[in-house]
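Structure first, then comments.
We number each residue from 1, following the sequence as shown. Note that these values count all heavy atoms, side chains included, but never hydrogens, waters or copies made by symmetry.
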Amino acid sequence: IAYMGRHGMQSAFRNEALIYKGDDTLARSAAAFIEEGLAGGEQVVVALPASTAQVLSPVFADDAERVSLLDPFEVARNPARMIPVWRELIDRSAVEGRVVRRIGQSMWRGRSAAERDECILHEALLNYIHEQGPPLTAICAFDAEGLSPELVEDIAATHPVVGDGEGVWESDSYAGADFAVRLMARPLPEPPAPVEEIVF
């Protein structure tokens, strides 16, 4: 599914949300995504929990040099650091004449509300930054268990394509690349007590 960029040009950036139920669905979807990328001569980046990455290892055993494995708990510990990681991989692969496709997970059980907000902002910024940039095919994986209705709405608003492991469809509520600007304009939450106020 192609979609239009800010200037009416078809974007080379595909950003899909995979809202999956069960590790088997995640592994099956990731395997198909990896196989498609390797068949197309792309550089594949996998930033999924170690248990899933281990299950996937036979899929790329013969093309291990074209698959980069990253620890999501390290890369996505601070969501604001993820985009520089993706850009570095894209730039490095471009020198080798390869397009990047990546599948990763930045939101997991145990994330605080503030961290989840930063993850959603990262998803919105991906659209803003990469929409007219180098080609990139991305799947952002979200475990359906524990997702609030509000989070599901934000995921649909930040991904033009949504899937569940059985099929994919265009997101009717995709809010466009400029959604990042609106997210950054939201008021900050009240700080938790106790608070020390310093005037300078």
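Contact detail for Ser106 and Cys119: the closest heavy-atom pair is O-SG, 3.4 Å. Between Asn15 and Cys140, the shortest heavy-atom contact is OD1-SG, 3.6 Å. What you find for Tyr174 and Ala157 is that their closest heavy atoms are CD1-O, 3.3 Å. The minimum heavy-atom distance between Val85 and Leu70, with the atom names listed, is CG1-CD1, 4.1 Å. Summarising the geometry of Leu151 relative to Arg116, their closest heavy-atom pair is CD1-CD, 3.5 Å, with the distance given to 0.1 Å. Scanning both residues, Gln43 and Ser68, for their nearest heavy atoms gives NE2-OG, 3.4 Å.
Looking at Arg14 and Glu16, a side-chain N of the basic residue comes within less than 4.0 Å of a carboxylate O on the acidic one, giving a salt bridge. Classification of Lys21 and Asp164 as a salt-bridged pair fails, no side-chain N sitting under 4.0 Å from a carboxylate O. A salt bridge does not link Glu96 to Arg92: none of the charged nitrogens lies less than 4.0 Å from a carboxylate oxygen. In summary, Glu115 and Arg77 do not engage in a salt bridge, as defined by a charged side-chain N under 4.0 Å from a carboxylate O.
Two residues are said to be in side-chain contact when any heavy atoms from C-beta on lie closer than 4.5 Å; Val168 and Val162 fail this criterion. The shortest side-chain heavy-atom distance between Leu126 and Trp86 falls under the 4.5 Å cut-off.
Atom CG of residue Asp23 and atom CG of residue Asp143 lie 7.0 Å apart, to the nearest 0.5 angstrom. To the nearest 0.5 Å, atoms CZ (Arg186) and CG (Leu121) are separated by 9.5 Å.
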Tell me, with the steps shown, if Leu89 and Arg102 meet side-chain contact (heavy atoms from CB on, under 4.5 Å). CA-CA 10 Å; Leu89 288 165; Arg102 68 111 177 127; over 6 Å; no
Determine, step by step, whether Arg87 and Met82 satisfy the side-chain contact (heavy atoms from CB on, under 4.5 Å) criterion, reporting the C-alpha distance in whole Å, the side-chain angles of both residues, the deciding distance to 0.1 Å, and the verdict. CA-CA 9 Å; Arg87 290 307 296 262; Met82 287 190 284; over 6 Å; no
Step by step, work out the side-chain contact (heavy atoms from CB on, under 4.5 Å) result for Met107 and Leu147. CA-CA 10 Å; Met107 199 179 297; Leu147 287 181; 4.3 Å; yes
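In the hydrophobic clustering, where aliphatic and aromatic side chains (Ile, Leu, Val, Met, Phe, Trp, Tyr) are joined below 4.5 Å either directly or transitively, Leu18 groups with Tyr20, Leu26, Phe33, Ile34, Leu38, Val44, Val46, Leu48, Leu56, Val59, Phe60, Val67, Leu69, Ile103, Ile139.
When the side chains of ILVMFWY residues are joined at heavy-atom separations under 4.5 Å, either directly or via intervening members, Val99 and Val161 end up in two distinct hydrophobic clusters. With hydrophobic clusters built from ILVMFWY side chains whose heavy atoms lie under 4.5 angstrom apart, Ile120 shares a cluster with Met184. In the hydrophobic clustering of this structure, Val100 does not group with Val95; members are Ile, Leu, Val, Met, Phe, Trp, Tyr whose side-chain heavy atoms approach within less than 4.5 Å, directly or through other members. Val75 and Trp108 are assigned to two separate hydrophobic clusters, defined by single-linkage of ILVMFWY side chains at heavy-atom distances under 4.5 Å.
Other residues, nucleotides and ligands contribute more than 12 heavy atoms inside 6.0 Å of the CD atom of Glu65. By the 6.0 Å contact criterion, CD on Gln54 is open, its count of non-hydrogen atoms from other residues, nucleotides or ligands being 12 or less. The number of heavy atoms from other shown groups lying within 6.0 Å of CG (Asn78) is above 12.
Between His159 and Phe142, the gap from one ring centroid to the other is short of 6.0 Å.
Remark: Arg101 engages Glu36, Glu42 in a side chain to side chain donor-acceptor pair (under 3.5 Å) (not counting sequence neighbours). For Arg66, the salt bridge (charged side-chain N to carboxylate O under 4.0 Å, His left out) partners are Asp63, not counting sequence neighbours.
Within the 3.5 Å criterion, the main-chain N or O of Thr158 finds a donor-acceptor partner in the side chain of Asn127.
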